[in-house]
Structure formats: structure tokens, C-alpha cells
Amino acid sequence: QVQLVESGGGLVQAGDSLRLSCAPSGRTVGAYAMGWFRQAPGKEREFVAAISWSGEITDYADSVKGRFTISRGNAKSTVDLQMDFLKPEDTAVYYCAASLGVERLAHKYKYWGQGAQVTVSS
């Protein structure tokens with residue numbers, strides 16, 4: 001069973017930066033694309049960003065484009081989400097997930113992490 005583990009969440013102020021990381025625990029994920037999703041209280045889970053296995057293809061939600069950057073680690077099995085110019089509306093639990101391709105739909109992702117809380121105060 002593949003498990004993904006997120007790290008790097010926390011409490012920051014508006015305008016600050018935060019970096020989330022995701023790594024597989026146990027069996028490696030393999031050649032999967034990786035994505036980040038988030039879910040705020042009372043809202044549906046939404047797509048944030050995704051990156052292909054090679055790292056050459058990326059996709060971002062309009063709400064984070066220009067502020068967030070998704071990247072692969074050197075070993076490609078890890079994926080980071082650099083979040084700059086954070087806003088209170090970015091407050092949510094952030095999940096990383098693995099899929100066969102760069103996708104925006106949550107049901108296309110096969111493996112999920114447990115989530116990391118990001119709270120942005122105004």
C-alpha cells in the first residue's frame with residue numbers, strides 16, 4: 001500500500017510564505033504525476049496544482065497562479081508546493097495525491113496523503 005505524507009503546514013500571516021512537501025512512505029509511488037488539493041471548512045475539496053512525472057508539465061488553479069509553485073524533488077518521488085503571498089482564503093487542509101497523469105479532478109487520483117493544515121491569519 002502506498003502512503004503519502006505531507007509536511008510543512010502551519011500558521012502564518014497574510015503575505016507570508018510556506019512550503020509544503022510530500023513524500024511516499026513505504027513502497028514507492030512509481031512514475032506518477034502528483035497533485036495538491038485543498039479543502040476549507042464547509043467547502044468541497046478543490047484542485048490547487050499538479051506536476052507530471054518528468055516535471056515538465058505543470059498546471060495551476062487560477063486562484064493560486066503566480067503565487068504557488070509546484071516542483072519535483074531530485075529523486076522525483078517527492079513533490080513540493082511553495083506558497084508565496086499567502087491570503088486568508090488560502091486557509092485549508094492541503095492534500096497531496098498521485099495520479100497517472102496531470103489531472104484537475106480528484107477522482108482521477110489513486111493515492112492520497114492525510115493532509116496538512118495551513119492557516120493564514122489576516
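Atom set for the values below is all heavy atoms of this structure, side chains included, hydrogens, waters and symmetry mates excluded.
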Can you confirm whether [X] sits close enough to [Y] that some side-chain heavy atom of one is under 4.5 Å from a side-chain heavy atom of the other?
X	Y	result
V120	Q13	no
Y94	M83	yes
V118	D90	no
T69	L81	no
I70	D80	no
M34	C22	yes
W36	F68	no

| request: Apply the test side-chain contact (heavy atoms from CB on, under 4.5 Å) to residues V79 and I51: give CA-CA distance (whole Å), side-chain angles for both, the deciding distance (0.1 Å), then the verdict. | output: CA-CA 8 Å; V79 62; I51 188 168; 3.9 Å; yes
Cluster question for you: counting only ILVMFWY and a side-chain heavy-atom cut-off of under 4.5 Å, with indirect links fine, are [X] and [Y] together?
X	Y	result
V5	V48	no
Y111	V102	no
L18	V93	no

| task | Quick one: closest heavy-atom pair of E6 and A116, and the distance? | result |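 In terms of heavy atoms, the two residues are closest at CB-CB, 3.9 Å.
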| remark: Between A14 and S122 the two heavy atoms that sit nearest each other are CB-CA, 4.3 Å
| field | Residues R19, S7; criterion side-chain contact (heavy atoms from CB on, under 4.5 Å); working and verdict | value | CA-CA 9 Å; R19 189 177 185 91; S7 61; over 6 Å; no
| said: So does I57 get a backbone contact from the side chain of S52, meaning a donor-acceptor N/O pair under 3.5 Å? | reply: yes
| said: Using a 6.0 Å cut-off, check whether atom CD of Q117 has over 12 heavy atoms from anything other than its own residue. | reply: yes
| request: Run the ring-centre check on F47 versus Y60 and record whether the distance is less than 6.0 Å. | output: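 No, they do not, as the ring centres are separated by 6.0 Å or more.
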| task | Kindly state whether the ring of W112 and the ring of F37 have centres lying under 6.0 angstrom apart. | result |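 Judged by ring-centre distance (under 6.0 Å), W112 and F37 do meet the cut-off.
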| How long is the gap from CG on L4 to OG on S25, to the nearest 0.5 Å? |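 Those atoms lie 9.0 Å apart.
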| said: What's the separation between atom CG in D59 and atom CZ in R104, rounded to the nearest 0.5 Å? | reply: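 Output value for this atom pair is 4.0 Å.
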| Is it true that the side chains of D84 and Q82 contain a donor and an acceptor less than 3.5 Å apart? | yes
| query | Could you walk me through whether Y32 and Y109 pass the ring-ring contact (aromatic ring centres under 6.0 Å, His included) check? | reply | CA-CA 10 Å; Y32 280 86; Y109 286 77; 9.6 Å; no
| field | Verdict with supporting geometry, W53 and R72, side-chain contact (heavy atoms from CB on, under 4.5 Å) | value | CA-CA 8 Å; W53 166 249; R72 286 273 190 184; 3.7 Å; yes
| query | Among R45, R38, Q114, which residue meets the side-chain contact (heavy atoms from CB on, under 4.5 Å) test with Y95? | reply |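 Per the side-chain contact (heavy atoms from CB on, under 4.5 Å) rule, the option paired with Y95 is R45, out of R45, R38, Q114.
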